[in-house]
Amino acid sequence: MKSTFLFLILLGTQKICAQDYPRWFLFPRDVRCVNTVTMITQPPTYYRDSAISQGFRFGCDLLARYTMMQISGGQTFWATEAGVHSMGAKYEQTYDTALTEFYQSTLKVLDSYIDKQKTLVLIGDSNCIVHDDVRKRIRLDGIKQPSWVEELPGDNHYFYAVGFSEEFYYEISSWQIAEKNAYMSLARSLQVKMQSMQKRDAVEAQDIRNEEMNVTLTNIEILERWKDRKKKAFYILARMKK
Amino acid sequence: MRTYSSLLVAAFFALLLIGCGGSQPLPQTDTGDVPEWYSNVPGDPNYLYAVNTSTSKDMQLAVDKALQAARTEVGRQVEVKINALQKRFQEETGIGDDAQLLDQFTAASKTVVSTSLSGSKEKQKKIVKDGNNWRAYVLIEYPLGAAQEALREQIKKNEQLYTRFRASQTYKELDDEVQKYEDYKKGQSGTPTPQ
């Protein structure tokens, strides 16, 4: 009985601790350095250093995309009386991989965090100073829903976008999908071509909607991250200079 | 032993009662979650607004459907505005008699409508659970000045059209509206807009 009770306490403690994040992950804008990026990857299977190295490589690749990335493609929906159906989507991302190698040779790991579910890596220039309050661990429970989750900031100097994801089995998948949705949303804000054809007769109405885009995103910044534990949804705020 | 048997019997009857409890109620939509801005769409003469709501089992798909439908609605509103401008140009300049010029202007209008959604903003967004699905409510905001500016540029690109229109009252009003929009942008960015 005692061992069962202790086991349950240990399990609960692990679950609670897994909700701690370094401040620089939830609030990347507090780092206040150029050419920084936060990367989330899977937890180490054996060697801790390998996980951090992998996170560094992936992070440099991500920073290369955020520096300049072309997104082209589109998606189509068919709306009928029975509902709205996806007819398919195809997008391509093009970026300069030479930038990845450049960042790998010039940047370094500024801080890292590992737990049972994820490895977080903060990558930046060697001149970047990360203060102790930014390295601090904070609990998601203590953060209320930010205003940007439902309403974008009104700043006219930047394009803002919120990307979000539902909860998947692996937490890193949720954060990565939310981040991808954030920059796709930025791309749509920049420019999107809309085409629509409506057909109506005595019995039914149909609407085919197509969107296409071919835009180049530059210097994307991830500003904040938040998780709604009640709805089990992940949110990320991103921006790009106009 | 007797206590243990009594506990077992009690547990058995408890399980029986739970099994006879009937089917679970259907999941309910929380209608209180409909946002205020969805029911009362904002009105601003400088912007076009469109709202939409969509559902899907996948959260992102729900939002994509809603956003695309809202942007399509904005596109239709732009088309209505441009068509109204086109009619005014026709009436004022009489290009209805000149089929070639009319075609050129129609082509200019259509180009504007299909490509002018640059700077459309997802002003408000809300995601809620609707039974087993996700429901997304979205509000898209699009500056009307951007569409007017795009139309003016299309007209200027065509020398024949520009020559015919620039003296008209409709063109002067269009030019004034675009100038207001450019002044507004200049005021927001703090940098002079290039001429």
Side-chain angles (χ1 to χ4, degrees), chain A residues 74-79 83-86 89 147-168 174 177-178 180-181 184-186 188-198 207-215 228 230-235 241-242, chain B residues 33 35-37 50 52-76 78-79 110-111 113-129 133-134 136-143 146 184-191:
Chain A
Q75 61 181 346
T76 303
F77 290 105
W78 179 34
V84 182
H85 314 280
S86 171
S147 58
W148 52 261
V149 165
E150 292 190 1
E151 185 173 359
L152 289 178
D155 182 359
N156 280 300
H157 299 281
Y158 294 91
F159 287 111
Y160 286 90
V162 173
F164 38 83
S165 167
E166 55 196 312
E167 188 178 69
F168 293 99
S174 303
I177 287 170
K180 182 190 157 199
N181 288 335
M184 290 301 290
S185 188
L186 270 178
R188 288 190 185 97
S189 294
L190 193 57
Q191 187 166 52
V192 63
K193 180 177 174 181
M194 302 301 304
Q195 294 164 313
S196 164
M197 185 184 76
Q198 277 185 333
D207 188 3
I208 295 178
R209 299 189 290 260
N210 181 55
E211 70 174 37
E212 288 172 9
M213 62 169 119
N214 187 359
V215 296
D228 187 337
K230 194 175 161 190
K231 280 187 195 166
K232 297 183 183 176
F234 294 70
Y235 299 86
K241 204 159 183 128
K242 277 189 179 174
Chain B
D33 280 338
E36 169 67 20
W37 46 262
N52 196 272
T53 181
S54 282
T55 60
S56 175
K57 281 196 164 31
D58 179 75
M59 181 200 265
Q60 186 57 40
L61 203 54
V63 175
D64 281 351
K65 284 182 193 175
L67 285 173
Q68 202 195 59
R71 283 197 166 99
T72 306
E73 177 56 30
V74 166
R76 285 198 191 103
V78 169
E79 192 168 332
K110 280 186 180 163
T111 303
V113 169
S114 67
T115 63
S116 63
L117 288 193
S118 171
S120 62
K121 190 173 155 182
E122 297 164 20
K123 186 141 174 79
Q124 302 260 20
K125 197 158 49 186
K126 185 168 183 174
I127 304 160
V128 298
K129 262 291 191 182
N133 292 333
W134 290 99
Y137 296 92
V138 301
L139 168 68
I140 291 284
E141 175 187 88
Y142 179 64
Y184 166 76
K185 277 200 302 187
K186 194 167 62 173
Q188 292 293 321
S189 66
T191 52

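Reminder, nothing fancy here: chain letters follow the sequence lines and each chain counts from 1.
- Only the side chain of W134(B) comes within contact range of chain A, judged by heavy atoms closer than 4.5 Å.
- Counting heavy-atom pairs closer than 4.5 Å to chain A, the top residue among Q68(B), Q60(B), M59(B), K121(B) is Q68(B).
- Residue contact with chain B, scored on non-hydrogen atoms closer than 4.5 Å, involves the backbone and the side chain of V162(A) alike.
- Proximity to chain B (any heavy atom under 4.5 Å) is restricted, for F159(A), to the side chain, taken from C-beta onward.
- Crowding of K242(A) atom NZ: a count of heavy atoms from other residues, nucleotides or ligands under 6.0 Å exceeding 12.
- Between atom OG of residue S86(A) and atom NZ of residue K65(B) there is a gap of 8.0 Å, rounded to the nearest 0.5 Å.
- For Q198(A), the part lying near chain B is the side chain, with the backbone staying farther off; criterion is any non-hydrogen pair under 4.5 Å.
- The contact between S189(A) and chain B is made by backbone and side chain atoms together, counting heavy-atom distances below 4.5 Å.
- Counted within 6.0 Å of CH2 on W78(A), heavy atoms from surrounding residues, nucleotides or ligands total 12 or fewer; the atom is thus considered open.
- At a threshold of 4.0 Å, the pair D207(A)-R76(B) counts as salt-bridged, since one of the basic side-chain nitrogens sits closer than that to a carboxylate oxygen.
- Residue contact with chain B, scored on non-hydrogen atoms closer than 4.5 Å, is absent for A161(A).
- Looking at V74(B), there are no atoms closer than 4.5 Å to chain A (heavy atoms on both sides), in backbone or side chain.
- Partners of E122(B) according to the side-chain contact (heavy atoms from CB on, under 4.5 Å) rule, which considers only residues two or more places apart in sequence or in another chain, are L152(A), S185(A), L67(B), R71(B), K125(B), I140(B).
- Taking the side chain as every heavy atom from C-beta outward, R188(A) and D64(B) approach each other to under 4.5 Å.
- Residue I127(B) holds its CD1 atom at 10.0 Å from CD of E166(A), rounded to the nearest 0.5 Å.
- The side-chain hydrogen bond (donor to acceptor under 3.5 Å, both in side chains) test applied to E212(A) returns N210(A), not counting sequence neighbours.
- For the atom pair OG1 (T72(B)) and CZ (F77(A)), the distance works out to 10.0 Å, reported to the nearest 0.5 Å.
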